[in-house]
2 protein chains.
Amino acid sequence: MSEILRQQIEKITPLTDKEFEYILSHFTTKKLKKHQFLIQEDDLVQHDYFVIKGLLKAYYINHDGKEHIMQFAAEDWWITDYQAYFNETKALFNIDCIETTEVLCLSLYNREKLCADMHKIEHFFRKKSNSGYVALQRRILSLLNSNAKERYEQLLQQYPSLFQRVPKTLIASYLGVSRETLSRLST
Amino acid sequence: MSEILRQQIEKITPLTDKEFEYILSHFTTKKLKKHQFLIQEDDLVQHDYFVIKGLLKAYYINHDGKEHIMQFAAEDWWITDYQAYFNETKALFNIDCIETTEVLCLSLYNREKLCADMHKIEHFFRKKSNSGYVALQRRILSLLNSNAKERYEQLLQQYPSLFQRVPKTLIASYLGVSRETLSRLST
DNA sequence: AGTTTGATGTGATCTATATCACACTAAGTT
DNA sequence: AACTTAGTGTGATATAGATCACATCAAACT
């Protein structure tokens with residue numbers, strides 16, 4: 001159901017059927033089972049991924065083997081290792097599926113081609129990137145300014161639906177708290 | 001010396017003299033003394049600012065009066081309260097001058113106009129936003145994964161020139177560490 | 001059906017960092 | 001020249017959260 005991509009783009013700019021068809025022709029589809037990897041550390045990152053169905057996490061594993069979650073992505077979200085993707089370098093993050101997942105894959109080449117061909121797509125991606133930037137600033141502020149409990153509550157408020165689908169252990173790893181501490185935060 | 005803006009844009013896309021002149025006509029100039037505010041909390045944020053000369057900080061003040069620095073900006077950097085700027089809402093951050101400063105000011109209206117008129121400017125801003133996104137991810141990872149000393153060293157490595165111009169107290173506030181702790185991190 | 005694996009809770013410690021308090025120096029102001 | 005203000009260092013103490021160690025329960029394999 002790639003309609004969900006169309007809807008996302010049309011929140012920013014209207015499209016004709018033909019235009020959307022053209023856009024879509026630059027994507028491929030990929031299906032993954034729970035626990036399967038989309039990207040592993042040191043892979044060359046070939047694509048940005050738009051989630052049609054399912055749930056994934058992008059995370060960094062440090063030298064002690066501790067995992068820190070950079071982002072989750074469910075339906076209607078984009079996910080990849082952006083540093084590696086934009087710079088065509090090797091992945092620092094791992095990305096794998098928390099649930100069985102279906103994604104649309106966009107190579108950097110096709111992304112740039114689309115942006116060059118269609119001004120409105122470049123506009124779309126600029127707007128998306130701007131929103132993403134602001135969201136990351138919010139997260140940084142939360143890390144700087146708030147304690148574990150406050151961060152938990154902010155996340156709960158911002159993405160309530162996540163909590164039905166993601167185990168607390170992973171929430172803890174996203175928030176930068178140990179799972180034991182998170183478990184003790186009830187109210 | 002608006003040439004510095006031109007150079008920044010030309011790192012991404014070439015410009016004719018006429019094009020640059022056209023771009024520049026969408027900016028105004030502003031000069032500020034040390035300690036002067038560019039934006040105060042609850043202001044309507046009218047502009048994005050490109051720093052030609054000087055040094056500023058964008059920071060949040062929490063209910064205890066503690067200040068957390070979101071970003072610094074010296075020559076060749078952009079700064080504003082992006083959340084407020086893009087959404088035309090009131091500022092959450094304060095921005096003031098650490099040094100006497102000169103900036104080029106770009107209203108949202110003019111930014112969008114430029115982006116609509118000149119595909120290459122939209123391209124430029126998309127690229128800048130992408131890089132910014134990646135940089136913020138790096139900072140989040142640093143906050144999640146590293147202790148005070150490691151974060152200090154990472155910052156020192158990434159922006160060595162900052163340390164000549166910014167007092168340690170402010171570095172501490174950027175890193176999310178108390179100034180006392182930062183002061184004890186020597187080596 | 002039995003067994004491994006994942007998710008979660010909770011007590012007992014440990015530790016990095018915050019906080020409080022004070023001192024010293026340099027720079028800017030009247 | 002005296003006085004205020006900003007920047008920095010450092011000791012003593014407090015504390016949020018990490019870590020270690022178990023226990024329980026549910027889900028998923030074999």
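Below, read A as the first sequence line, B as the second, and so on, with proteins coming before strands; counting in each chain starts at 1.
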Side chain of [X]: nearest nucleotide among [options]?
X: Thr169(A); options: dG9(D), dT8(C), dG11(C); answer: dT8(C)
X: Arg184(A); options: dG17(D), dA12(D), dA12(C); answer: dA12(C)
X: Glu180(B); options: dT10(C), dG9(D), dT19(C); answer: dT19(C)
X: Lys168(B); options: dG9(D), dA18(C), dG17(D); answer: dG9(D)

Interatomic distance, [X] [atom1] vs [N] [atom2] [rounded to whole Å]:
X: Glu99(A); N: dG6(C); atom1: CD; atom2: P; value: 17 Å
X: Lys33(B); N: dG28(C); atom1: NZ; atom2: C1'; value: 15 Å
X: His35(A); N: dG6(C); atom1: NE2; atom2: P; value: 7 Å
X: Asn145(B); N: dA18(D); atom1: CG; atom2: C1'; value: 14 Å
X: Leu182(B); N: dA16(C); atom1: CG; atom2: C1'; value: 14 Å
X: Asn147(A); N: dT17(C); atom1: CG; atom2: P; value: 17 Å
X: Asp64(B); N: dC20(C); atom1: CG; atom2: P; value: 10 Å
X: Lys149(B); N: dT15(C); atom1: NZ; atom2: P; value: 17 Å

Which label fits [X] and [Y]: parallel for a plane angle under 30°, tilted from 30 to 60°, or perpendicular past 60°?
X: Phe27(A); Y: Trp78(A); value: tilted
X: Tyr85(B); Y: Tyr82(B); value: perpendicular
X: Tyr59(B); Y: Phe37(B); value: tilted

Could you tell me whether the side chain of Arg179(B) has a donor or acceptor atom within less than 3.5 Å of a complementary atom in the base of dT17(C)?
no
Taking only the side-chain nitrogens and oxygens of Ser183(A), find out if one of them lies under 4.0 Å from OP1 or OP2 of dG9(C).
yes
Using a cut-off of less than 4.0 Å, is there contact between a side-chain N or O of Ser178(A) and OP1 or OP2 of dT19(D)?
no
Worked check of salt bridge (charged side-chain N to carboxylate O under 4.0 Å, His left out) between Glu41(B) and Lys90(B)
CA-CA 7 Å; Glu41(B) 195 183 335; Lys90(B) 304 209 163 173; over 6 Å; no
Quick check on DNA chain C: between Lys34(B) and Ser146(B), whose nearest nucleotide comes earlier from the 5' end?
Ser146(B)
Assess, by modelled atom type and distance only, whether the side chains of Gln46(B) and Ser107(B) contain a donor and an acceptor separated by less than 3.5 Å.
no
Contact class for Lys66(A) vs. all strands (heavy atom < 4.0 Å): base, sugar-phosphate, or nothing?
sugar-phosphate
